[in-house]
There are 2 protein chains.
Amino acid sequence: MIYDYAGMVALADPTRRKVFELIADRPRSVIDLTRVLPVSQPAVSQHLKVLKEARLVRAEPKGASNIYHLDPHGLGEMRAWLDRMWGDALDAFKREVDNSKEKRK
Amino acid sequence: MIYDYAGMVALADPTRRKVFELIADRPRSVIDLTRVLPVSQPAVSQHLKVLKEARLVRAEPKGASNIYHLDPHGLGEMRAWLDRMWGDALDAFKREVDNSKEKRK
DNA sequence: CATAATCATAAATCATGACTTATGATAAGC
DNA sequence: GCTTATCATAAGTCATGATTTATGATTATG
């Protein structure tokens with residue numbers, strides 16, 4: 001199984017998940033996000049940094065603002081990673097069931 | 001979007017993810033897991049508790065041992081939750097793209 | 001019955017990371 | 001040019017949670 005679960009870690013924090021969801025709703029600037037969230041602007045910036053490094057969002061400078069969008073590439077990668085993990089887990093479970101059936105014969 | 005992301009949080013810790021993967025590979029006792037992992041037995045038990053509360057694994061007592069298996073129910077629920085989240089995110093992204101196309105006309 | 005093996009919980013320690021308060025850098029508006 | 005708005009980074013604080021040691025409970029074994 002593969003290593004890259006940065007996205008998982010990124011989305012495990014409740015505030016950061018909120019940030020992600022707000023951006024998923026529609027692209028927003030840092031100030032925009034800060035206005036809605038119960039944390040300071042630097043806190044928001046730091047969460048955005050984590051999300052960006054996990055390739056879940058990307059920044060697009062617009063004047064003095066920085067508009068954050070979803071990053072479809074990273075999103076796709078995480079999706080693929082999750083699918084793989086799920087496949088492995090379910091395959092293993094299936095093998096286990098078959099195995100116990102085998103034994104019962 | 002729904003609340004329940006306990007599974008996400010549970011799998012965000014590297015040691016706990018390793019525990020999950022080992023169990024996915026095949027059902028194991030606590031001692032079995034402890035032998036492989038670089039942490040103490042109580043640490044393993046506590047990780048198992050988190051995974052169990054997230055309904056990713058379940059325990060099956062066998063003599064003095066406790067064999068941990070994957071929990072297909074909880075696994076299915078988390079899968080559904082992730083699919084929903086992904087659907088929402090990708091739908092939102094699609095709307096955004098359509099929107100910018102619209103504007104460009 | 002006594003000892004050994006397995007496991008879970010409690011309490012304490014320790015590391016990580018979430019958050020805050022500065023602060024500086026860049027861009028827009030007057 | 002000066003002020004205002006937006007943002008990121010640095011440094012420090014604080015909370016959370018991952019881990020350890022100690023211990024008791026349960027079950028198998030001799």
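Note on naming: letters A, B, ... go to the chains in the order of the sequence lines (proteins, then strands), and numbering restarts at 1 for each one. Every value quoted in this text rests on a predicted model; they were computed, and no experiment measured them.
- For the pair B:Arg35 CZ and C:dC7 C1', the interatomic distance rounds to 13 Å; values are reported in whole Å.
- Between the A:Arg16 side chain and the A:Leu11 main chain, no donor and acceptor come within less than 3.5 Å of each other.
- The phosphate of D:dT6 (OP1 or OP2) has no side-chain N or O of A:Tyr68 nearer than 4.0 angstrom.
- A:Val19 and A:Ile67 end up in different hydrophobic clusters when Ile, Leu, Val, Met, Phe, Trp and Tyr side chains are linked at under 4.5 Å.
- Relative to the six-membered ring of A:Tyr68, A:Arg58 misses at least one condition, a distance below 6.0 Å or an angle of at most 45° to the axis.
- Atom CZ in B:Arg58 sits about 18 Å away from atom C1' in C:dC7, given to the nearest Å.
- A distance of 4.0 Å separates CE of B:Met78 from CH2 of A:Trp86, quoted to the nearest 0.5 Å.
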Enumerate donor-acceptor pairs with a distance under 3.5 Å from any side-chain N or O in residues 49-56 of chain B to protein atoms, sequence neighbours excluded.
unit_1	atom_1	unit_2	atom_2	d
B:Arg55	NH2	B:Glu77	OE2	3.3

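- Distance A:Ile31 CD1 to D:dA8 P: 11 Å, rounded to the nearest Å.
- Side-chain contact between A:Asp32 and A:Arg26 is present, with at least one heavy-atom pair separated by less than 4.5 Å.
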Expected rows: protein N/O vs nucleotides 10-19 of chain D N/O, under 3.5 Å:
unit_1	atom_1	unit_2	atom_2	d
D:dA18	OP2	B:Arg16	NH1	2.9
D:dT19	OP1	B:Thr15	OG1	3.1
D:dT19	OP2	B:His47	NE2	2.2

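- For the pair A:Asp83 and B:Arg79, the salt-bridge criterion is met [side-chain N within less than 4.0 Å of a carboxylate O].
- When each of A:Asp25, A:Ile31, A:Val30 is paired with A:Arg28, the side-chain contact (heavy atoms from CB on, under 4.5 Å) condition holds for A:Asp25 and for no other.
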Problem set entry | Under 4.0 Å protein heavy-atom contact, by nucleotide of nucleotides 24-30 of chain C - B base, S sugar-phosphate only | ---SS--
